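Model, not experiment: these values are computed from the prediction.
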Amino acid sequence: MPVTMTSSSGSPNILGSPEVLCRLLQLLSTCLAFSLVASVDAYVGFSGDWCMFAWCFCFAVTLIIIVVELGGLQAPFPLFWRNFPIIYAYYATLFCFSASIIYPTTYVQFLSHGRTRGHAIAATVFSCIACVAYATEVASTRAQPGKITGYMATVPGLLKVVETVVACIIFVFISDPYLYKYKPALEWCVAVYAICFILATVAFLMNLFDFTNALPIPFPSFLSGLALLSVLFYASAMVLWPLYQFNERYGGFPERRRDSLCSISHVNYVCAWDRRLAVAILTAINLLAYVADLVYSAHPVFV
């Protein structure tokens, strides 16, 4: 995705590109978000760690993209770079969006008033700004005909981004083995999340590196098979996870108040019942994404 523009005199007008302006805002807002949080050490706990990772990752990759494109260093790998910036913008939008939701709801609200809370709130604001900046880049790029090519120009390509990001957030919430250990049905659910994430990532990388012709079957058929398998796997997890986490008959806790730790407001802790509920909701979201992926992927195969 070239970012330089040529004036009537033939000289490049780099700063005239809307993508560059968006990326400068992305760079500034993500830098301020993680700097404000790091300066007061306000990221203890799994949710804080995820948000800090999201901001630092987005800042680092955005900086790399700016350096590569302004330096014209993308020429040696044009096929890779053709879709990489927009793929990254998709991911960064969802990363910053998740951080903008998770950080205030699981961390900031438990902080006492003072300097730390002020920094945390400001970081949340800059996280929201970064999310809007990345979303603006996505919208601007998609509005330009020919800017996005191949798989990323399709709805299944966008759904793959959603599926993998939601899986990453699920992994954050199940980081404590206590939620599923020694229960085969719940361990199967964790395996489902991991297997489907790996399959979606493989499909994504094959498109990114243009390896789609290396398969013995047409790539659309391959994608449809992956989507169907993922739908079946996630459907089983959608049944088993709530059943074994919230049904008393299977050792679950149907009510939040039965988790004694949920009555304790602690800045570094999200109680087990809340994590179970979050994973159930995210499982439903990903199941819907995979169903939509299957519908869109199967259409060209049968038509």
Side-chain angles (χ1 to χ4, degrees), residues 50 54 83 86-98 101-102 134-135 138 142 148 150-175 179-180 183-209 211-212 215 217-246 275-303:
W50 163 257
N83 285 324
I86 185 61
I87 291 174
Y88 162 70
Y90 281 140
Y91 275 103
T93 300
L94 294 177
F95 275 18
C96 289
F97 177 76
S98 67
I101 299 298
I102 293 174
Y134 283 113
V138 169
R142 290 189 66 88
I148 310 175
Y151 189 60
M152 287 315 300
T154 66
V155 174
L158 177 58
L159 288 172
K160 279 288 182 289
V161 175
V162 175
E163 293 158 5
T164 50
V165 171
V166 171
C168 287
I169 300 174
I170 289 176
F171 294 146
V172 172
F173 280 106
I174 61 174
S175 58
L179 295 178
Y180 56 85
K183 292 184 178 181
L186 297 178
E187 290 176 345
W188 162 253
C189 294
V190 175
V192 165
Y193 303 140
I195 292 171
C196 293
F197 173 78
I198 293 172
L199 293 177
T201 302
V202 168
F204 218 81
L205 292 177
M206 290 182 68
N207 275 281
L208 187 61
F209 291 99
F211 290 155
T212 57
L215 295 171
I217 61 174
F219 194 65
S221 300
F222 173 72
L223 292 176
S224 298
L226 290 185
L228 177 60
L229 185 63
S230 298
V231 166
L232 295 176
F233 279 8
Y234 259 86
S236 67
M238 190 67 253
V239 173
L240 294 175
W241 184 269
L243 186 65
Y244 280 83
Q245 295 287 15
F246 304 118
R275 295 193 195 189
R276 294 183 178 108
L277 179 61
V279 172
I281 294 172
L282 292 169
T283 300
I285 292 173
N286 242 8
L287 176 58
L288 292 175
Y290 277 112
V291 169
D293 191 356
L294 176 60
V295 171
Y296 278 98
S297 299
H299 183 265
V301 175
F302 292 104
V303 175

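- Of all heavy-atom pairs between Cys189 and Ala237, the closest is SG-CA, 3.8 Å.
- The CD1 atom of Ile87 sits 11.0 Å away from the CG atom of Leu158 when rounded to the nearest 0.5 Å.
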- request: For the pair Phe173 and Arg276, evaluate side chain to side chain contact (heavy atoms under 4.5 Å, CB included) and give the outcome as yes or no after the intermediate values.
  value: CA-CA 8 Å; Phe173 280 106; Arg276 294 183 178 108; over 6 Å; no
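- Taking Tyr234 as the reference, Tyr193, Tyr290 meet the ring-ring contact (aromatic ring centres under 6.0 Å, His included) condition, with sequence neighbours excluded.
- Applying the side chain to side chain contact (heavy atoms under 4.5 Å, CB included) rule to Leu277 yields the partners Phe246, Trp273, Ile281; only residues at least two apart in sequence or on another chain are considered.
- Separating the OG atom in Ser230 from the CG atom in Asp293 is a distance of 8.0 Å, to the nearest 0.5 Å.
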**Q.** Check against side chain to side chain contact (heavy atoms under 4.5 Å, CB included), Thr93 and Val138
**A.** CA-CA 9 Å; Thr93 300; Val138 169; 4.1 Å; yes
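- Exactly one residue among Trp241, Tyr244, Phe233 makes a ring-ring contact (aromatic ring centres under 6.0 Å, His included) with Trp188. That residue is Phe233.
- Taking the six-membered ring for Trp and the full ring otherwise, the centers of Phe197 and Phe171 sit less than 6.0 Å from each other.
- Closest approach of Val192 to Ser236, counting heavy atoms only: CG2-OG, 4.2 Å.
- Here the shortest heavy-atom pairing between Ile170 and Val279 reads CG2-CG1, 4.2 Å.
- Between the side chain of Ser224 and the main chain of Pro220, a donor-acceptor pair closer than 3.5 Å is present.
- Other residues, nucleotides and ligands contribute at most 12 non-hydrogen atoms within 6.0 Å of the CZ atom of Phe97.
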Pair Thr283-Leu287, side chain to side chain contact (heavy atoms under 4.5 Å, CB included): steps then yes or no | CA-CA 6 Å; Thr283 300; Leu287 176 58; 5.5 Å; no
Could you walk me through whether Ile169 and Ile102 pass the side chain to side chain contact (heavy atoms under 4.5 Å, CB included) check?
CA-CA 10 Å; Ile169 300 174; Ile102 293 174; 4.0 Å; yes
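- Interatomic distance, CG of Leu199 versus CG of Leu223, reported as 11.0 Å (0.5 Å rounding).
- Partners of Phe95 under the ring-ring contact (aromatic ring centres under 6.0 Å, His included) rule, at least two apart in sequence or in another chain, are Trp50, Phe57.
- Tyr91 OH to Cys168 SG: the interatomic distance, rounded to the nearest 0.5 Å, is 7.5 Å.
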**OP:** Apply side-chain hydrogen bond (donor to acceptor under 3.5 Å, both in side chains) to Tyr88 and Tyr134, showing your working.
**Re:** CA-CA 9 Å; Tyr88 162 70; Tyr134 283 113; 2.9 Å; yes
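- Across Ile174 and Leu179, no two heavy atoms sit closer than the pair CA-CD1, 4.1 Å.
- None of Val165, Leu159, Val166, Val161 except one satisfies the side-chain contact (heavy atoms from CB on, under 4.5 Å) rule with Glu163; the exception is Leu159.
- For the pair Lys160 and Ala200, the tightest heavy-atom approach, listed with the atom from each and the gap, is CD-CB, 3.8 Å.
- Counting all heavy atoms, side chain and backbone alike, Ala185 lies closest to Leu240 at O-CD1, 4.1 Å.
- Note that the CG atom of Leu229 and the SG atom of Cys196 stand 6.5 Å from one another [nearest 0.5 Å].
- Annotation: the span from Gln245 atom CD to Lys183 atom NZ amounts to 6.0 Å, rounded to 0.5 Å.
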